[in-house]
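Before any comments, here is the structure.
What you see below is based on every heavy atom in this structure, not just the backbone, and it leaves out hydrogens, waters and symmetry mates.
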Amino acid sequence: MIGFSVRKRLLAAALLGSVAAPAIAQDAPATPEAKASSDDVVVTAQRREERLKDVPVSVAAISGDRLDLVQSGGNDIRALAGRVPSLNIESSFGRAFPRFYIRGLGNTDFDLNASQPVSLVYDDVVLENPILKGFPIFDLQRVEVLRGPQGTLFGRNTPAGIVKFDSVRPSTPGGYLRASGGSYGTVNIEGAATLKVSDTFSARFSTIYQRRGNWVDNVATPQRGDLEGYSDWAGRVQLEWKPTDALTARATGQVRILDGTARVFRANLFARGSSQLIGLGGPGTPFRRDQVRQDGVNFQRLRNYNGGLTVDYDFGPVTLTSVSSYWNGTIFTRGDIDGGFGNQFAPPFGPGFIPFSAQSQDNIPSLDQFTQELRLASNGSGPFNWQGGFFYFNEKLRIDSLDFGTPSDLNPAAIAIQRQSSDAFGVFGSATYKFDFGLTLQGGVRYNNDRRTLTASRPIDTRPGFLGFGGPVPLQTARVGSDIVTWDVSATQKVTDEVNFYARVARGYRAPSIQGRLAFGRTLSVANSERTLSVEGGFKSVYYGGKLRLNVNGFYFTTDDLQLTAVGGASNFTTLFNARNVDGYGLEAELEATPIERLNFTAGISLNNNRINDPNAFVAGCGSNCTVLNTQRVGSPGIFSINGNRLPQSPKWTANWTARYAHPVGNGELYVGTDWVFRSEIQFFLYRSVEYRDRFLLEGGLRVGYKTGPFDFAAYVRNIADDQSAVGGVDFNNLTGFVNEPRIAGFEVGFKF
């Protein structure tokens, strides 16, 4: 275990290193000519290809070698956490169910129908359900992170922002193949190729396979290596037909198959009275990431399938775009929720005191999502441009939650069933006008209509009196809906050829939600729409032909009727509710520099302050006898005020920095690259406690390689300092938590053609 004092020394050394060699991006090209030609970083944050400097939105892009580095070691989408300022990603389901946070706004709810205020958009298609949001990242042009409300062009459930993926198109020639192997049986194989069938028809085939062996030993079993392994495969086929210059049609098919174990929860991970990680022997014993002691069944199986069609037709003055997409998903996941042996009357229970067993399974037997967007955009080169369109969303979802009487039971003691149907549509428009003196004004408006119906019941329950929730629960129905207008207004002023200032005011919203998890409760909970108003401004600059870029912005937001989820607690029931308000403010800065040929740095930093403002917001304190720091409600033991608290999973500071240097050797180049991510303290739940938090996280990576012609040979290390940090907790019957990924070292061979 890396002690707190050692981690402080590592942090200081890393910070000093970043000052001595200001951090940088991994996508530095091999030649200065290539760098000069890439003066304009192009993004599609506003549904058009534009220079990042001209977009009046706080947006960051990751691409090229920098994106490849993030994926080293079999990483999944969670590896993007902290790679741009104000972005955090975590999951209590491992690779299957990521939860996104931007500027502190997110949702810690683990339910399989939990809505999030950060939307994920994959090739212009919004992915709503969390089990779709974990789709692997491979063969991508870029990843864009749009911070702040995006309620005009993208609409529902974007008050915090968007994480946007754009895959490489079939019009891009060539391809690549990359394979690596590393610690714990980690395998990563990725490849893509474009096939040009004729002058009008081309196809691109892309795939990724990731695997890791079971590297966590359950000391309660005789074998070594029981948990945390996975096999994850995804593929994409794109067919593009362009019979004329005016018409382009692209059909897409995608699939993902994930088999492995569910996230490993660790019983009594924290020493009572501190956030220190401890071993299986209790306080004073060293924490070992590769050991647990559990008595439950553990597995996870996920399947995703997608088909889509995108058609563009250029009429001359305008272009019509149609984006049709269908996604299907299933998941079956079971884990040991108490994280150990949970029967105090049948030793050996533990580690630590675990009053009773908790074993549950969550299934999505069927998820069907259909979306359709029609968009019309002007093509003029004059000062005035516009775009507008229509969007439709439909989702059918079934969730089964199973609870078991004993950890080894195969027949559930209780089953809670949810059926959810969601429909939404939006009508939107946006216009831009550029004045001769360098001022650009932009405004947009969108009408949003949402409807959702959820039915839930607990038809089977053989736990009489269990926790006071025994007995079947009859069918319950809840319906929610909203009609909301969102908008944005922005201005960009060109000061010099190198510098643009911008300001933006935007309104975003999250659709109303229903929580139907009845495995341990008897009633549904409903939350109304939340509405966010954001104001931000700053400057974007590019100097020396793209060799120096600096973007800085400050922001303020206020969210009314914030949707929050009280997870677990002494009542052991997940409760969805609206808090009156939350305010937040901060700053974000990003730097990229190429001071000399072949040397490239990037750095990013964010400050995020937020506060819940609701004197009537109370939640149940932990059910694990932790040390709660909030004020208890008078006359209500175990119920605490969260007024004035920071949002959970919301670090005040995040920082990232990278450096890459290449030196010519023979017919190629020898290169070395490093990347680091830091985040400050986070709390895991709405209430503040001593135990359920992590003081800070500091993870770094190193890649050393040789490129010659189309070949790339490299060695890599991820989490090079083997930082051991808790990234989440389970508030149930003991001080349960889960931790970050281990150090992974390996070798990679790549080939581009």
Side-chain angles (χ1 to χ4, degrees), residues 81-82 85-92 98-111 114-119 145 147-149 157-161 163 275 508-510 513 527 529-534 555-569 574-588 606-622 628-631 640-654 679-689 692-697 726-729 731:
S86 297
L87 175 66
N88 187 28
I89 310 172
E90 55 86 23
S91 173
S92 56
R99 295 187 285 255
F100 296 81
Y101 307 79
I102 294 179
R103 294 176 175 173
L105 293 172
N107 187 359
T108 59
D109 192 356
F110 54 80
D111 198 271
S115 72
Q116 298 179 357
V118 178
S119 188
V145 179
R147 296 172 290 235
N157 295 351
T158 61
V163 180
S275 59
Y509 87 106
R510 179 155 46 139
S513 302
S529 299
E530 71 178 34
R531 300 166 305 283
T532 297
L533 179 66
S534 170
F555 64 86
Y556 167 79
F557 70 83
T558 180
T559 299
D560 295 328
D561 291 327
L562 177 71
Q563 293 183 25
L564 294 175
T565 305
V567 179
T574 300
T575 304
L576 178 66
F577 67 100
N578 290 102
R580 188 185 70 183
N581 173 265
V582 63
D583 289 325
Y585 65 90
L587 62 85
E588 294 147 350
S606 64
L607 165 66
N608 281 275
N609 275 303
N610 55 68
R611 173 188 169 93
I612 298 172
N613 303 307
D614 190 343
N616 296 315
F618 297 90
V619 300
C622 54
V628 180
L629 300 176
N630 291 120
T631 303
F640 298 90
S641 170
I642 61 171
N643 186 43
N645 283 6
R646 289 180 62 84
L647 294 170
Q649 292 287 347
S650 172
K652 183 175 181 179
W653 292 97
T654 63
R679 65 140 172 81
S680 61
E681 180 176 292
I682 56 172
Q683 288 278 344
F684 300 149
F685 302 114
L686 291 174
Y687 59 81
R688 294 174 54 236
S689 71
Y692 285 121
R693 62 176 177 169
D694 183 70
R695 298 293 299 276
F696 68 79
L697 177 144
V727 293
D731 181 4

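With contacts defined as side-chain heavy-atom distances shorter than 4.5 Å, the pair Arg531/Pro159 does not qualify. By the 4.5 Å heavy-atom criterion applied to side chains, Phe618 and Ile642 are not counted as neighbours.
With respect to Asp694, the side-chain contact (heavy atoms from CB on, under 4.5 Å) criterion is satisfied by exactly one of Glu681, Gln649, Arg679: Arg679. A side-chain contact (heavy atoms from CB on, under 4.5 Å) with Glu530 is found for exactly one of Asn157, Leu562, Leu564, namely Leu562.
For the pair Gln116 and Arg99, the tightest heavy-atom approach, listed with the atom from each and the gap, is NE2-CA, 3.5 Å. In terms of heavy atoms, Thr565 sits closest to Thr108 at O-OG1, 4.1 Å. Asp583 and Tyr556 get closest at one heavy-atom pair: OD1-OH, 3.2 Å. Counting all heavy atoms, side chain and backbone alike, Ser534 lies closest to Arg103 at OG-NH1, 4.2 Å. Across Ser606 and Pro85, no two heavy atoms sit closer than the pair CB-CB, 3.5 Å. Nearest heavy-atom pair, Asn578 versus Ala527, reported as atom, atom and distance to 0.1 Å: OD1-CA, 3.3 Å.
Less than 6.0 angstrom separates the ring centroid of Tyr692 from the ring centroid of Phe685.
Side-chain contact, Asn643 with Asp614: no donor N or O sits under 3.5 Å from an acceptor N or O. Between the side chains of Asn107 and Ser115, no donor-acceptor pair of N or O atoms lies under 3.5 Å. The closest side-chain donor-acceptor pair between Ser86 and Asn608 falls under 3.5 angstrom.
Formation of a donor-acceptor pair under 3.5 Å by the Asp560 side chain with backbone atoms of Asn581 is not found in this model. A donor-acceptor contact shorter than 3.5 Å is absent between the side chain of Ser119 and the backbone of Thr158.
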Can Tyr101 and Leu647 be said to form a side-chain contact (heavy atoms from CB on, under 4.5 Å), step by step? CA-CA 10 Å; Tyr101 307 79; Leu647 294 170; over 6 Å; no
Using the side-chain contact (heavy atoms from CB on, under 4.5 Å) rule, take Leu686 and Phe640 through it: C-alpha gap first, then chi angles, then the decisive distance, then the call. CA-CA 10 Å; Leu686 291 174; Phe640 298 90; over 6 Å; no
Are Cys622 and Val628 close enough, and set up right, to give a side-chain contact (heavy atoms from CB on, under 4.5 Å), and what steps lead you there? CA-CA 8 Å; Cys622 54; Val628 180; 4.0 Å; yes
